[in-house]
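Note that the structure is a prediction, hence the values are computed from the model and not measured. All chains are named by letter (A, B, ...) in the order of the sequence lines, taking the proteins before the strands, and each is independently numbered beginning at 1.
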Amino acid sequence: MGNVVFKRSNGLSKKEFSYCPGCTHGIIHRLVAEVIEELGVLDKTIGISPVGCSVMNYEFFNCDMQQAAHGRAPAVATGIKRVRPDNIVFSYQGDGDLASIGTAEIVHAAHRSENITVIFVNNAIYGMTGGQMAPTTLIGQKTTTSPYGRDEKHAGKPIKMSEMLATIPGATYIERVSVHDPLHVRKAKKAVKKAFQTQIEGKGFSLVEFISSCPVNWGKTPQDALNWVKDNMIPYYPLGNFRSPEEDDKND
Amino acid sequence: MAKVMMKGNEAMALAAIKGGCKAFFGYPITPQSELPEYLARHMHKHGGVFLQAESEVAAINMVYGASGAGARVLTSSSSPGIALKQEGISYIAGAELPAVIINVMRGGPGLGGIQPSQADYKQVTRGGGNGDYYVLAYAPENLQETVNVIKEAFDLADLYRNPVMIAVDGLIGQMMEPVDLDVEVPKRDLPEKDWATIGTYGKREPVNVNSLFLDPQDLENHSFKLAEKYKLMKKNEQRYEFVNMENAELVIVAYGTMARIVRSALEILKNEGINVGLLRPISIWPFPEKAFKEFPDTVKGILTCELSTGQMLDDVKICNNGKLPINFFGRTGGMVPEPEEIVKAVKDMIGGLK
């Protein structure tokens with residue numbers, strides 16, 4: 001028998017993903033699953049599914065899960081973590097969920113420095129409901145509810161959640177990553193690991209924002225969508241670290 | 001334990017602790033704020049969690065999470081706050097999670113007022129959120145009954161895996177009464193919470209707390225399963241009290257604070273030789289429809305009395321099914337009637353019947 005060089009992470013169930021071709025949810029799920037497994041916490045992890053494209057990711061993660069109302073995942077995570085502080089708790093949320101309807105919940109989870117990890121997937125659009133404008137939709141970007149392109153006079157400028165959350169004193173670890181090429185996938189995994197480590201060490205609120213794509217609702221091929229991430233999304237949503245526990249230790 | 005003098009909101013908080021409550025999530029609102037304040041001071045001494053949320057919406061979703069993770073959870077609020085919690089209550093019912101919710105009712109609609117009211121009857125008894133569901137709802141009339149039912153509520157919530165709401169008006173929350181917190185309440189045989197997300201720890205397959213059923217056949221099956229549970233509640237959990245029903249020519253239907261005022265009115269009427277009974281619903285969902293079959297033949301009419309413009313009235317009409325004439329007397333907006341006003345309403349009705 002040869003050496004196994006690639007296999008399904010034990011952090012994922014055997015259920016096949018239901019995502020559209022070229023969608024990066026699959027990569028992000030895998031990264032989260034690998035990290036949870038590698039950190040040896042899979043059997044005590046409780047995840048929270050959002051409302052949006054990843055609403056049914058409770059079928060994909062191989063750990064206990066709760067499905068939350070739209071935007072409320074950080075509140076659900078808070079309830080779980082407060083009564084089960086020894087468990088590892090993460091929420092997985094899109095930009096409609098976290099940056100629009102759930103702004104109060106994410107801000108106050110960060111503000112209380114809830115010892116949870118948030119995986120925030122920003123693809124600048126509402127995917128599941130059919131491609132409507134999100135608060136994160138870029139200026140000029142056409143969606144079904146900004147058919148002439150997002151006009152900042154009408155809809156404002158795209159919200160930068162990581163930058164905003166980084167201003168909250170309680171936020172411990174915040175990093176923005178992308179998965180548009182293998183190099184960035186590797187960097188993204190390091191950030192996810194750091195986020196879960198922050199929680200394991202009891203240091204408080206951690207969030208990783210993924211710049212993601214939506215080929216179907218963007219009207220692009222998978223490769224063109226990834227190029228659009230690189231050429232349009234990342235210049236507006238710069239990658240990098242916005243808060244880290246080390247920086248907080250220094251300032252203390 | 002002997003009786004102690006306690007403010008309603010604080011006694012309710014202590015009753016929750018005695019009922020085994022291990023977590024509270026809430027948001028301040030008048031006239032119930034002494035309840036979370038008491039728990040903020042005392043919950044940790046009993047190994048429990050107290051957390052003030054950023055909103056009622058967040059609070060009820062924290063309840064969802066903590067209950068889904070197996071804890072006995074409480075939230076409390078007042079009418080407009082309960083309205084905000086309805087989204088979460090629907091999810092809790094859909095995912096079949098236990099939770100106890102205390103509603104210290106005030107006047108509405110909108111911001112309304114902060115004085116006692118029963119104008120939440122429909123919000124409490126008609127689900128309130130989206131979908132085919134009900135919550136077990138109790139409307140006690142004094143502090144002793146309130147603390148007893150709160151202690152029992154945690155067992156009921158666990159038994160049925162369903163939200164239980166205690167709906168008291170602001171008067172019960174705000175007044176002081178002598179109360180014994182250690183009265184024994186019925187205990188239920190409770191199943192293991194094998195559905196709770198507490199981590200697999202390598203011992204079992206992952207579990208999922210969920211109210212999503214994309215296949216309509218699955219959702220129909222789930223809804224019918226819930227309906228069976230509500231049928232069982234209707235069979236087993238109707239709770240009510242009759243007062244002075246022998247030879248009553250009229251029955252008043254009233255609950256909570258209004259029932260207490262009616263008791264005084266009944267005394268006045270008795271002294272004048274007028275025989276009037278009281279049907280006091282204690283469970284308002286399930287509504288005590290059984291009671292309507294137990295009226296003596298002497299009863300010639302029903303007077304429904306509420307601290308609202310007439311909400312329970314619909315349930316009285318359904319249960320009466322056109323049999324007897326029904327009148328309504330109500331004060332609302334925080335106005336609480338004198339017994340004499342009810343005496344007059346009774347006499348007006350009897351006069352009309354003759």
Side-chain angles (χ1 to χ4, degrees), chain A residues 10-13 15 18 36 40-51 55-89 91 101-112 114 116 128, chain B residues 21-25 27 43 47-73 75 84-92 94-95 97 99 129-130 195-214:
Chain A
N10 282 336
L12 292 173
S13 72
K15 181 104 180 171
S18 49
I36 293 170
V41 295
L42 179 61
D43 64 350
K44 61 171 179 175
T45 294
I46 304 164
I48 295 118
S49 313
V51 169
V55 62
M56 288 173 79
N57 69 12
Y58 51 77
E59 295 198 341
F60 306 139
F61 285 110
N62 189 26
C63 60
D64 281 1
M65 296 290 292
Q66 292 197 19
Q67 200 289 316
H70 201 19
R72 317 296 178 221
V76 172
T78 298
I80 299 171
K81 188 73 179 186
R82 292 290 176 133
V83 300
R84 305 280 311 174
D86 295 333
N87 286 83
I88 299 303
V89 179
S91 75
I101 196 167
T103 43
E105 286 77 13
I106 193 65
V107 162
H108 286 276
H111 149 241
R112 292 186 302 266
E114 290 297 337
I116 58 169
M128 192 179 69
Chain B
C21 175
K22 288 292 174 208
F24 174 91
F25 304 95
Y27 185 78
M43 201 64 165
V49 170
F50 168 87
L51 185 65
Q52 181 171 318
E54 64 270 29
S55 68
E56 285 91 350
V57 173
I60 194 69
N61 283 285
M62 291 173 186
V63 169
Y64 178 98
S67 174
R72 287 195 142 181
V73 196
T75 188
L84 281 168
K85 285 181 169 141
Q86 294 291 8
E87 174 199 61
I89 296 170
S90 167
Y91 276 70
I92 290 168
L97 297 177
N130 62 302
W195 43 263
T197 62
I198 56 170
T200 63
Y201 290 99
K203 288 182 198 145
R204 57 157 172 76
E205 291 300 303
V207 293
N208 177 34
V209 166
N210 181 35
S211 65
L212 176 68
F213 299 87
L214 279 181

TODO: Determine the option with the most heavy-atom pairs under 4.5 angstrom with chain A, choosing from B/R204, B/K22, B/E205, B/K203.
DONE: B/R204
Task: Structural part of B/Y201 lying under 4.5 Å from a heavy atom of chain A - done: both
Open item on the list: When you compare the side chains of A/S13 and A/N62, does any donor N or O come within less than 3.5 Å of an acceptor on the partner?
Closed with: no
- [ ] Give the minimum heavy-atom separation between A/I48 and A/A73, together with the two atoms involved.
- [x] CG2-CB, 3.6 Å
Listed pairs under 3.5 Å, donor-acceptor, residues 55-69 of chain B side chains, sequence neighbours left out:
unit_1, atom_1, unit_2, atom_2, d
B/S55, OG, B/V57, N, 3.3
B/S55, OG, B/A58, N, 3.0
B/N61, ND2, B/V57, O, 2.8
B/Y64, OH, A/Q67, O, 2.5
B/S67, OG, B/P98, O, 2.6

Task: Side-chain donor/acceptor of A/K81 to backbone N/O of A/N87, under 3.5 Å - done: yes
TODO: Determine, for A/D64 against A/R84, whether the closest basic-nitrogen to carboxylate-oxygen distance falls under 4.0 angstrom.
DONE: no
Open item on the list: For A/A77, which atoms come within 4.5 Å of any heavy atom of chain B: side chain, backbone, both, or neither?
Closed with: neither
Task: Under 4.5 Å from any heavy atom of chain A - which part of B/I198 - done: both
Open item on the list: Under a 4.5 Å cutoff for heavy-atom pairs, which residue among B/L214, B/V73, B/L212 has the most contacts with chain A?
Closed with: B/L212
Task: Most contacts with chain A, counted as non-hydrogen pairs under 4.5 angstrom, among B/T200, B/N208, B/V49 - done: B/N208
Task: Residue, of A/R82, A/H111, A/E59, that accumulates the most heavy atom pairs under 4.5 Å with chain B - done: A/R82
Task: Check: A/T45 side chain, A/V41 main-chain N or O, donor-acceptor pair, under 3.5 Å - done: yes
